[in-house]
Visitor: 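First, the structure itself, so that you have it in front of you.
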Amino acid sequence: MTVRVVLADDQTVVRAGFRALLDLTEDLVVVAEAADGAQAVETVRLTRPDVVLMDIRMPGVDGIEATRRIAADPGLDAVRVLVLTTYQLDAYVFEALRHGAAGFLLKDIEPDDLRTAIRMVAAGQSLLAPAVTRSVVEEFACLKGPEAAGAERLAVLTEREREVMALVAAGLSNEEIGRELLMSPLTAKTHVSRSMIKLGVRDRAQLVVLAYETGLVRAGEA
């Protein structure tokens, strides 16, 4: 399968660098570039790529808002956004995950790791180790405090789905959740998928964010 990629970064040299790396790979093709968030959204709507490499900090419409617009567009539900950042623990990264990014990459990522990350996300897999997602989310979600309407938002879930969601937020994989709750990894995956559908989130990263924001889990708790 050929993975179609859009590059969104306000620095021409950065886009050129990523394009040069991806052009060397047969199954990855850059279909378009964008110099700001507004142009990125428009370009994504025109080209319908599989993956967007999105710089967080851009003039005008930044990468967070561009990610939010892409994630909110039902016609773009198959598009996955990977945000690019300089620092792993970054409030901007948290907001990007909160608004629908599938994960984040450091700008100094190794070429092979970049290619692998794009392929994984395009295939619908979780890019980040759950514990890494948790470290970012816990760092910043705890500063906001849980939503007052947390219990109401989670009322659509069964007790088992809430248990599984809490374990996702604790950094467990489907295999680990299965061992913890005495179920198969496939059953754990099914519970995760149903929870995401009921709560209207795109992926596990958003599920982790919501678990903290609703108070289902709290920073520092086992």
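Count residues from 1 along the sequence. Source: prediction; values computed, not measured.
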Visitor: Taking all atoms of both residues into account, what is the closest heavy-atom pair of Ala211 and Ala169, and its distance?
Guide: CB-CB, 3.6 Å
Visitor: Can you tell if the side chain of Met196 reaches within under 4.5 Å of the side chain of Arg202, non-hydrogen atoms only?
Guide: no
Visitor: Can you list every pair that meets side chain to side chain donor-acceptor pair (under 3.5 Å) and has a residue in residues 35-53, with sequence neighbours left out?
Guide: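 Counting only pairs at least two positions apart or across chains, the side chain to side chain donor-acceptor pair (under 3.5 Å) contacts touching residues 35-53 are Arg45-Asp73.
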Visitor: Partners of Ala166 by side chain to side chain contact (heavy atoms under 4.5 Å, CB included), sequence neighbours excluded?
Guide: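 Side chain to side chain contact (heavy atoms under 4.5 Å, CB included) list for Ala166, sorted by chain: Leu216, Val217.
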Visitor: Report the residues that fulfil side chain to side chain donor-acceptor pair (under 3.5 Å) with Glu159, sequence neighbours left out, ordered by chain and then residue number.
Guide: Arg162
Visitor: Taking the side chain as every heavy atom from C-beta outward, state whether Glu163 and Thr158 have any pair of such atoms under 4.5 Å apart.
Guide: no
Visitor: Taking the side chain as C-beta and beyond, is there a heavy-atom pair between Ser195 and Lys198 under 4.5 Å?
Guide: no
Visitor: Look up atom CG in Leu114 and atom CG in Asp108, then write down how far apart they are to the nearest 0.5 Å.
Guide: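 Atom-to-atom, Leu114:CG and Asp108:CG are 11.5 Å apart.
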Visitor: Using 0.5 Å steps for rounding, measure from the CD1 atom of Ile109 to the OG1 atom of Thr116.
Guide: 8.5 Å
Visitor: Side chains of Val44 and Pro49: closer than 4.5 Å at any heavy-atom pair?
Guide: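 Val44 reaches Pro49 side chain to side chain.
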Visitor: Indicate every side-chain donor-acceptor pair of residues 186-194 with a distance under 3.5 Å to a residue at least two apart or in another chain.
Guide:
residue : atom : partner : partner atom : Å
Thr187  : OG1  : Ser184  : OG           : 2.9
Thr190  : OG1  : Leu186  : O            : 3.0
Ser193  : OG   : Lys189  : O            : 3.0

Visitor: Do Ile177 and Val168 come within less than 4.5 Å of each other through their side chains, counting heavy atoms only?
Guide: yes
Visitor: In terms of side-chain geometry, is the basic nitrogen of Glu65 or Arg69 positioned less than 4.0 Å from the acidic oxygen of its partner?
Guide: yes
Visitor: Ignoring hydrogens, what is the shortest heavy-atom contact between Ala66 and Val61? Give both atom names and the distance.
Guide: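 Residues Ala66 and Val61, closest heavy atoms: N-CG1, 4.0 Å.
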Visitor: Any chance you could lay out the side chain to side chain contact (heavy atoms under 4.5 Å, CB included) test for Val208 and Met165, step after step, and finish with the verdict?
Guide: CA-CA 8 Å; Val208 174; Met165 181 175 174; over 6 Å; no
Visitor: Between Asn174 and Arg179, do the side chains contain an N or O donor and an N or O acceptor separated by less than 3.5 Å?
Guide: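 Looking only at side-chain atoms, Arg179 and Asn174 do not form any donor-acceptor pair under 3.5 Å.
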Visitor: When rounded to the nearest 0.5 angstrom, what is the spacing between OG1 in Thr67 and CZ in Phe104?
Guide: 13.5 Å
Visitor: What's the spacing between Asp62 CG and Tyr92 OH if we round to 0.5 Å?
Guide: 7.5 Å
Visitor: Looking at side-chain heavy atoms only, is the closest gap between Leu84 and Phe18 below 4.5 Å?
Guide: yes
Visitor: Donor-acceptor pairs are to be reported for all side-chain atoms of residues 22-34 against protein atoms at under 3.5 Å, with residues two or more places apart or in another chain.
Guide:
residue : atom : partner : partner atom : Å
Thr25   : OG1  : Arg115  : NE           : 2.7
Asp27   : OD1  : Arg119  : NH2          : 3.1
Asp27   : OD2  : Arg119  : NE           : 2.7
Glu33   : OE1  : Arg15   : NE           : 2.8
Glu33   : OE2  : Arg19   : NE           : 2.6
Glu33   : OE2  : Arg19   : NH2          : 3.2

Visitor: Is any side-chain heavy atom of Glu161 closer than 4.5 Å to a side-chain heavy atom of Val156?
Guide: no
Visitor: Could you work out, with side chain to side chain donor-acceptor pair (under 3.5 Å) as the rule, every residue matching Gln206, not counting sequence neighbours?
Guide: none
Visitor: Find the distance between CD1 (Ile64) and CE (Met54) and round it off to the nearest 0.5 Å.
Guide: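 One gets 10.5 Å once the value is rounded to the nearest 0.5 Å.
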Visitor: Could you tell me which non-hydrogen atom of Gly103 sits nearest to which non-hydrogen atom of Leu97, and how far apart they are?
Guide: CA-CD2, 4.0 Å
Visitor: Tell me the closest heavy-atom pair linking Ala101 and Ala205, and the distance in Å.
Guide: O-CB, 4.2 Å
Visitor: Taking side chain as C-beta onward, heavy atoms only, is Ile118 less than 4.5 Å from Leu53?
Guide: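 Yes. Closest side-chain heavy atoms under 4.5 Å.
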Visitor: Just do the side chain to side chain contact (heavy atoms under 4.5 Å, CB included) check on Asp10 and Arg57 with the steps written out, would you?
Guide: CA-CA 8 Å; Asp10 61 313; Arg57 296 174 177 83; over 6 Å; no
Visitor: Salt-bridge test for Glu95 and Arg68: reply yes if a basic N is under 4.0 Å from a carboxylate O, no otherwise.
Guide: no
Visitor: Which value, rounded to the nearest 0.5 Å, describes the distance between Leu199 atom CG and Leu154 atom CG?
Guide: 6.0 Å
Visitor: For the pair Arg160 (side chain) and Leu157 (backbone), establish whether a donor and an acceptor sit closer than 3.5 Å, ignoring hydrogens and angles.
Guide: no
